[in-house]
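Worksheet for the structure shown next.
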Amino acid sequence: MGRLKSRFVRALVETLQQETAGTALPRLRHGLPAHWLRVLSREVIASTDQDATLALDTAIDLLLAIERLLSAGTGKVMVAAAASLATRVLYGSPGLVVHGDTVRTLRHLRAPFEQPYLGVDLRFAVDGSQRAFALELALAGLPTAAPWLTWTGLGYLHAASAFSGHDPAHLRVEPLLSGELVRISARRAQPSTAQLPASAAARPQLRSTPVRRRTAPTNAAARVEQILSRAQSARAAESQGTPAMAAPLPASAPARTSSAPPSSAAASSTSPAQSGTRPAVGSSLQQPRKSAR
């Protein structure tokens, strides 16, 4: 049947947590069925093996359950998360971006799109022109994956359009599902004119994103593990929550005291010099005046 890498599912869950302003994990903890909560906690979040995988049908069903809980089948949250993941890929690999050409940029995303899947017959094809094109996706033998492929395909399409210099809002997309095949037709509402200056101006905003995300996934992973562990054992969560809240306090105290010694040291180093020279100068100037009088 094939498998899906656990770290991809974990990265997706962390991105969902960011895209929902921190509300995704509490909602999953309270609303996800117990079976899927155990799979998410043990086989995704708690897994430390970089090569760990999930059975493809299990992974797809888990992702569908997460989406139903977070966006009630509309796919909006998954589309945003997929666009965020594709944005990271395009920013980290600028050679994949073809300015002014969404079709070629989208074609370059085939390898990143297929990378999490192992032993799977996956279709990824892009045909058409800049004015009208179509993206076809399919997982052979797994028609239940069609909704998931639709959401991720839309996310990758939006990211490719934005990075190639076009406004994704000018795209008119129409997904069509037929068995295991997904066909996303896209047509531009306006002539295809790439806004290269705007794209270049947007890059400084993207440069700060990887800096935040280098630490955010670690923090998000910690929050994932902490929140999901509460569903398994409330007592264990309380014992872990207290040190986590108290940890920053000792770190801030040394920061305040560490800045005080330099000023006091500077004052102590300068005051002896002043007190040592001024009386000496004063005595040498005043004695002649007294003797003159």
### Task
Measure the shortest side-chain to side-chain distance between His170 and Asp167 over non-hydrogen atoms and say whether it is less than 4.5 angstrom.
yes
### Query
Is there a donor-acceptor pair under 3.5 Å between the side chain of Thr53 and the backbone N or O of Leu4?
no
### Task
Mind checking the CZ-CG spacing from Arg68 to Leu32? Nearest 0.5 Å is all I need.
9.5 Å
### Query
With the 4.5 Å side-chain cut-off for hydrophobic clustering, are Val120 and Leu54 part of the same group?
yes
### Task
Without swapping roles, check the side chain of Ser93 against the backbone of Leu90 for a donor-acceptor pair under 3.5 Å.
no
### Summary
So CZ of Arg7 and CG of Asp49: to nearest 0.5 Å the spacing works out to 9.5 Å
### Query
Going by the ring-ring contact (aromatic ring centres under 6.0 Å, His included) test, which pairs reach into residues 31-69, not counting sequence neighbours?
none
### Query
For the side chain of Thr87 and the backbone of Ala83, is there at least one donor-acceptor N/O pair under 3.5 Å apart?
yes
### Query
If Ile, Leu, Val, Met, Phe, Trp and Tyr residues are connected whenever their side-chain heavy atoms lie under 4.5 Å apart, and connections chain through other members, are Leu171 and Met78 in the same group?
yes
### Query
Side chains of Arg88 and Thr15: does their closest heavy-atom pair fall under 4.5 Å?
yes
Side-chain donor-acceptor distances from residues 134-146 under 3.5 Å, at least two apart:
from	atom 1	to	atom 2	distance (Å)
Glu136	OE1	Arg123	NE	3.1
Glu136	OE1	Arg123	NH2	2.7
Glu136	OE2	Arg183	NH1	2.5

#### Entry: Contact check, side chains of Thr105 and His99, non-hydrogen atoms, under 4.5 Å
no
### Sidechain-backbone polar pair: Arg3 side chain, Ala52 backbone, donor-acceptor under 3.5 Å
no
#### Entry: Leu16 side chain reached by Leu28 side chain, heavy atoms, under 4.5 Å
no
### Query
Do the side chains of Leu25 and Val13 get nearer than 4.5 Å, heavy atoms only?
yes
### Message
Under a 3.5 Å distance rule, please check whether Gln130 uses its side chain to pair with a backbone N or O of Thr102 as donor and acceptor.
### Response
yes
### Task
For residues Val173 and Ser185, determine if any side-chain heavy atom of one lies less than 4.5 Å from a side-chain heavy atom of the other.
no
### Check: Thr23 side chain, Thr20 main-chain N or O, donor-acceptor pair, under 3.5 Å
yes
### Query
When you measure from the side chain of Ser164 to the backbone N and O of Ser161, does any donor-acceptor pair fall under 3.5 Å?
yes
### Query
Can you tell if the side chain of Val97 reaches within under 4.5 Å of the side chain of His108, non-hydrogen atoms only?
no
### Query
Counting N and O atoms only, with roles assigned by atom type, does the side chain of Ser71 sit under 3.5 Å from a partner on the main chain of Glu67, one being a donor and the other an acceptor?
yes
### Task
Would you list the pairs meeting ring-ring contact (aromatic ring centres under 6.0 Å, His included) in which at least one residue belongs to residues 133-161, sequence neighbours left out?
Phe113-Tyr156
### Query
Any sub-3.5 Å donor-acceptor pair from Arg172's side-chain atoms to Arg187's backbone N or O?
no
### Query
Would you call Leu63 and Val9 a side-chain contact if the rule is heavy atoms closer than 4.5 Å?
yes
